[in-house]
Amino acid sequence: MDNRPSRHRLVRIRSSRCEPPGQRRLSIREIGGALVRIELLTEGGYPYVSGDARLWCDRLVRGLEQHEFHIYALSRSERQEDEGWVPLPPQVNRVRTAPLWTAEDDGAGYGRRARRRFAECYGELVAALCEGGAAEAPGGPSDTEADRFASALYGLAELARDEGGLVRALRSEAAVRALERACRAPGALRTAREARVPDLLTVAAHLERALRPLSLDWYEDDDLGSVDLCHATSGGAAALPGLLAQHFCGVPLLVTEYGVRLRTHYLTATESSPPVRALLTAFHGRLATETYGRAAIVTSGNAHARRWQARCGADRAKLRTVYPGMDASRFTDVGESSACADPHTLVWVGRVEPAKDLVSLLHAFAEIRKEEPKTRLRIVGAPVGSEGTAYLGHCRALAAQLFPDEADGPHAVGDNPVSFEEIGGPELPALADAYAAGAVTVLSSVVEGFPLSLVEAMFCGRATVSTDVGAVVEVIGGTGLVVPPRNPRALAEACVALLRDTERRERLGAAARARALELFTVEQNITAFHGIYLDIVSQTPVRRVLLDETGKPLPFATPAEAHVPGRWTERGVRVVTRGGPGWAAGPPVRATAPTAVTEGAS
């Protein structure tokens, strides 16, 4: 069955609406209890087959079957759309998609007043990027700059809603000239003043693409305004619809970042010219600050990412750590067995790329062989792209150079102690078999976020030796050995210590498995987000009450404290639009709850 959405033009940027085949809106009787209506906002992710964090989102949605999910997805390429969607569970009530990789001219012809509004709002936005306090500074931009950026951003969103879109305006010569004036204005950053015409065109094109979500037809009461909360699965473009849903409809926002989007921009913007890099960094910094400031809660996958969020302006009181949920069942047989294929074998598992620093691992292994001649090293993984392929060739050549008498080839004297393998072969048919093949699992990276391979080794009950990068220490928690990165001697000494001490290996492996089962399973991830959803909704003022077929209120479109004995209103009165009983609203959170509109009210 083809799960792809229909591609018909609705309004503004091309957007599609699809009620998944064979599905309908769930009633409260079918759910069997109170539900929360959750809007899942993704960029290049779920529900697409090749989407980022697809597996995590799918497990979250399937694990919370008592809730109702709407999915609003921004696609990254035509190929991603053509590949279609993953099968969706019944609790997904609506899916809407829009492309970030293209935007047709919306045909919105502005009159004089609209052109003036655009010039003012866009001019303020780019001026906020060019003036003072670069976003790289700890804590992000100043409050004045952040307020100026936010006001301009929401002004553009309101203009897009009133006039039918921004695409033509953002691509106009007026936009480029406004950017040029901001760069040349007194007080502009020195790097901004150095911008030339190609730089201005590059920045204007990037801003047009980044601001495309402002022109979507999603921000109505029956769309993003009809849910209890928006959950953005990353920062950046995915969070922008959530910001507008809060601005227009008062919907609370939850932001989850397993990879901090602003940090990713810092690491990938090095090839741009200094003016382009400075202006785009300022834009992404201002957007991150606004997202963190407006979000009710911001979650990260580890403390390393949480520190980045705090450095980029997030309020520490809003930050929560929710570890990625991984399927432990694949590793149960290996984890519950204390035996290993070869007690003299070290195993490395991962993507073959320079950041994994296999060169240091090979030099360390040369030292290990001097102390323990029987030791073997199995490197299990596939290269990533052309750079990874070239790096794999370099590592193979280095292994042949370090062990010339044992290297592969027609003149080899003995078996090669280093092997390069991939999952799926006859010796390693599954991922768990790779970890079962050795006594110690090694991680030698110089850059690492959340070390998934390390958690997999822990599920398998393997002792580990890792470099101190990213979230490694947080994940290990004392159940493995940690050494400095780019230090082959320290890596070798730690490996030798574990190879020589069977009892210590088994003790560390058992502790590692227990820690992984406690912190890093799918179940703990789902439980954590379930609690966060209820926490946010319970503290949100009543915005609307939805009624079922019999005219009774449908929980959970109201906060938990509103569910008390007694009638909400006088007999015969139905709440049909925004708002709710004043006594149930409580103090407003960021935005004042709208006044209730009822039938028969004067």
Side-chain angles (χ1 to χ4, degrees), residues 5-19 38-48 51 69-78 80-81 85 93-110 114 117-118 121-122 125 150 152-171 175 205-227 229-251 253 255 261 283 287 290-291 294:
S6 60
R7 289 191 181 179
H8 60 279
R9 178 78 182 272
L10 290 179
V11 184
R12 306 169 192 172
I13 290 183
R14 181 162 56 88
S15 174
S16 62
R17 181 196 299 266
C18 177
E19 303 295 338
I38 302 156
E39 200 71 64
L40 208 60
L41 304 172
T42 68
E43 178 201 353
Y46 190 71
Y48 294 107
F69 284 87
H70 300 176
I71 300 172
Y72 281 57
L74 299 168
S75 64
R76 286 183 180 165
S77 67
E78 186 173 14
Q80 184 178 52
E81 289 194 354
W85 300 348
N93 178 266
R94 171 189 289 172
V95 177
R96 295 200 68 182
T97 64
L100 273 186
W101 46 273
T102 184
E104 299 174 5
D105 191 328
D106 48 34
Y110 290 177
R117 283 178 62 188
F118 174 78
C121 294
Y122 190 80
L125 184 135
L153 182 69
Y154 297 128
L156 289 172
E158 291 166 2
L159 177 61
R161 187 171 68 167
D162 295 342
E163 300 295 334
L166 287 174
V167 175
R168 177 179 292 184
L170 290 172
R171 291 175 174 176
H206 183 95
L207 293 180
E208 184 271 322
R209 182 180 187 278
L211 296 175
R212 283 176 190 173
L214 301 185
S215 298
L216 292 170
D217 54 339
W218 292 355
Y219 314 112
E220 303 296 339
D221 288 345
D222 60 345
D223 271 304
L224 287 174
S226 67
V227 297
L229 68 90
C230 288
H231 184 178
T233 58
S234 70
L240 197 48
L243 288 176
L244 299 191
Q246 186 192 67
H247 176 74
F248 288 127
C249 307
V251 180
L253 174 63
V255 178
R261 184 57 59 90
F283 172 79
L287 182 58
E290 178 64 15
T291 300
R294 293 281 181 173

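As a basis for the values below, the full set of heavy atoms in this structure was taken, side chains included, without hydrogen atoms, waters or symmetry mates.
- Rounded to the nearest 0.5 angstrom, Arg76 CZ and Leu100 CG are separated by 8.5 Å.
- Heavy-atom minimum distance, Glu290 versus Ala150: OE1-CB, 3.3 Å.
- A distance of 11.0 Å separates OG1 of Thr97 from CD1 of Ile71, quoted to the nearest 0.5 Å.
- Using a cutoff of 4.0 Å between basic side-chain nitrogens and carboxylate oxygens, Asp217 and Arg96 are scored as salt-bridged.
- Once rounded to the nearest 0.5 Å, the distance linking CG of Leu243 with OG1 of Thr291 reads 4.5 Å.
- The shortest side-chain heavy-atom distance between Leu166 and Leu211 does not fall under the 4.5 Å cut-off.
- Looking at Val227 and Ile38, their side chains never come closer than 4.5 Å, going by heavy atoms from C-beta outward.
- Side chains of Tyr122 and Leu207 form a contact here, defined as non-hydrogen atoms less than 4.5 Å apart.
- What you find for Cys249 and Gly225 is that their closest heavy atoms are SG-CA, 3.6 Å.
- Remark: Ala114 engages Tyr110, Leu159, Glu163 in a side-chain contact (heavy atoms from CB on, under 4.5 Å) (not counting sequence neighbours).
- Listed by chain and number, the residues in a side-chain contact (heavy atoms from CB on, under 4.5 Å) with Glu208 are Ala103, Val167, Leu170, Arg171, Arg212 (sequence neighbours excluded).
- In terms of heavy atoms, Ala169 sits closest to Ala175 at O-CB, 3.7 Å.
- Shown here are the side chain to side chain donor-acceptor pair (under 3.5 Å) partners of Ser75, two or more places apart in sequence or in another chain: Glu81, Trp101.
- The nearest pair of heavy atoms linking Ala73 to Pro47 is CB-CD, 3.8 Å.
- For Ala157 against Leu214, the heavy-atom pair with the smallest separation is CB-CD2, 4.2 Å.
- With a 4.5 Å cut-off on side-chain heavy atoms, Ser226 and His70 count as touching.
- Distance alone, capped at 3.5 Å, places no donor-acceptor pair between the Gln246 side chain and the Leu253 backbone.
- Rounded to the nearest 0.5 Å, atoms NE2 (His247) and CZ (Arg161) are 7.5 Å apart.
- The closest side-chain heavy-atom distance from Pro241 to Leu224 is below 4.5 Å.
- Contact annotation: the side chain of Phe118 never approaches that of Arg168 to less than 4.5 Å [non-hydrogen atoms, C-beta and beyond].
- Taking both residues in full, the closest heavy atoms of Ala238 and Ala232 are given as O-CB, 3.9 Å, listed atom of the first, atom of the second, then distance.
- Taken to the nearest 0.5 Å, the OG1 atom of Thr102 stands 8.5 Å off from the CD atom of Glu78.
- Thr42 contributes a side-chain N or O that, together with a main-chain N or O of Tyr46, makes up a donor-acceptor pair within less than 3.5 Å.
- Ring orientation note: the planes of Phe248 and Tyr219 are tilted relative to one another, at an angle of 30° to 60°.
- If you take CG on Leu74 and CG on Leu41, they are separated by 8.0 Å, rounding to the nearest 0.5 Å.
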